[in-house]
Amino acid sequence: MVAPTDVPDEVLLPPAALDGQGLPRQLVEVVVPWRLPPGCGAGQPDTAVAMRGQELGTGEFEAVVPVQQVAVFPDAAAAVVELDRVRGRLAGCAPEEPDATTVYVREDVAVGAQGTGLATSYNGGTDDGALGTYAVLTRRGNAVVLVGGEGGERNLGDARAQETAHAQAAWELLARYELDAG
């Protein structure tokens with residue numbers, strides 16, 4: 001049996017699970033670039049056969065904007081290649097402005113297969129108290145999921161804990177894609 005290559009709404013976390021209850025929800029149902037900092041050059045998953053994503057809120061008043069994307073590939077091998085490609089890009093993230101104090105740190109995350117986190121520190125600090133954002137990518141079968149919180153004012157420790165929990169919950173919704181070994 002081959003894993004499915006569609007992305008139904010049921011594989012997205014409900015807004016409340018992303019701390020976005022009551023916020024405006026914007027859905028994207030085409031393959032688009034990964035919601036990662038432009039200075040990472042992650043681009044879009046060109047071999048994905050389908051993608052669905054959501055954004056909750058507007059970022060008004062320095063609020064965090066929860067985001068999630070699920071990309072599905074023809075098979076698990078293609079998903080592995082894509083996540084390896086993105087992991088390589090995250091290792092080379094650089095600020096868009098030469099004098100910026102932004103620092104990016106790629107980390108392994110113990111969620112799913114190939115779990116990867118990206119800490120973005122606004123002020124150059126990398127400890128848990130530094131202000132910044134966090135995103136997690138992980139894979140289950142032929143699906144790759146990204147969850148993160150863009151903008152806002154959170155410390156990295158809280159952002160890491162929150163987005164890792166979101167990634168675990170998102171990974172659990174991807175069981176339908178595990179039919180294809182990998």
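The figures here come from the full heavy-atom set of this structure, side chains too, leaving out hydrogens, waters and symmetry mates.
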Closest approach of [X] to [Y] (non-hydrogen atoms, all atoms of both residues):
X: G43; Y: R85; value: C-NH2, 4.3 Å
X: A170; Y: V145; value: CB-CG2, 3.9 Å
X: A119; Y: R160; value: CB-NH2, 4.2 Å
X: V32; Y: P45; value: O-CD, 3.4 Å
X: V103; Y: G124; value: CG2-CA, 3.4 Å
X: P74; Y: T47; value: CD-O, 3.4 Å

For [X] and [Y], indicate whether the former's side chain and the latter's backbone hold a donor-acceptor pair under 3.5 Å.
X: N123; Y: A130; answer: no
X: R140; Y: W171; answer: yes
X: T120; Y: T102; answer: no
X: R52; Y: V7; answer: yes
X: R154; Y: G132; answer: no
X: R35; Y: Q54; answer: no
X: Q69; Y: P33; answer: yes
X: H166; Y: G148; answer: no

Can you tell me how far [atom2] of [Y] sits from [atom1] of [X], rounded to the nearest 0.5 angstrom?
X: L36; Y: L90; atom1: CG; atom2: CG; answer: 5.5 Å
X: T126; Y: L156; atom1: OG1; atom2: CG; answer: 8.0 Å
X: D127; Y: N155; atom1: CG; atom2: CG; answer: 8.5 Å
X: M51; Y: L146; atom1: CE; atom2: CG; answer: 8.0 Å
X: D19; Y: L56; atom1: CG; atom2: CG; answer: 9.5 Å
X: Q26; Y: T58; atom1: CD; atom2: OG1; answer: 11.0 Å

Side chain to side chain, [X] and [Y], heavy atoms closer than 4.5 Å:
X: L131; Y: S121; value: no
X: W34; Y: V144; value: yes
X: L18; Y: Q68; value: yes
X: L137; Y: L83; value: yes
X: V72; Y: Y177; value: yes
X: V111; Y: T164; value: yes
X: V109; Y: T138; value: no
X: V31; Y: V49; value: no

**Study point:** R25 atom CZ, over 12 foreign heavy atoms within 6.0 Å
**Key:** yes

Give a yes or no on whether [X] and [Y] share a hydrophobic cluster (residues Ile, Leu, Val, Met, Phe, Trp, Tyr; joining criterion: side-chain heavy atoms under 4.5 Å apart).
X: V64; Y: V147; result: no
X: V28; Y: V65; result: yes
X: L27; Y: V30; result: no

Check your understanding: Passes side-chain contact (heavy atoms from CB on, under 4.5 Å), Y122 versus T133? Steps please.
Key -> CA-CA 8 Å; Y122 301 144; T133 63; 2.9 Å; yes

Check your understanding: Run the side-chain contact (heavy atoms from CB on, under 4.5 Å) check on V86 and T116 step by step: do they pass?
Key -> CA-CA 9 Å; V86 173; T116 304; over 6 Å; no

Point to revise | Test salt bridge (Lys or Arg N to Asp or Glu O under 4.0 Å) applied to R176 and D6, step by step | key: CA-CA 10 Å; R176 70 192 305 260; D6 63 327; 2.9 Å; yes

Point to revise | Side-chain H-bond candidate by donor/acceptor type, Y134 with E107, under 3.5 Å | key: yes

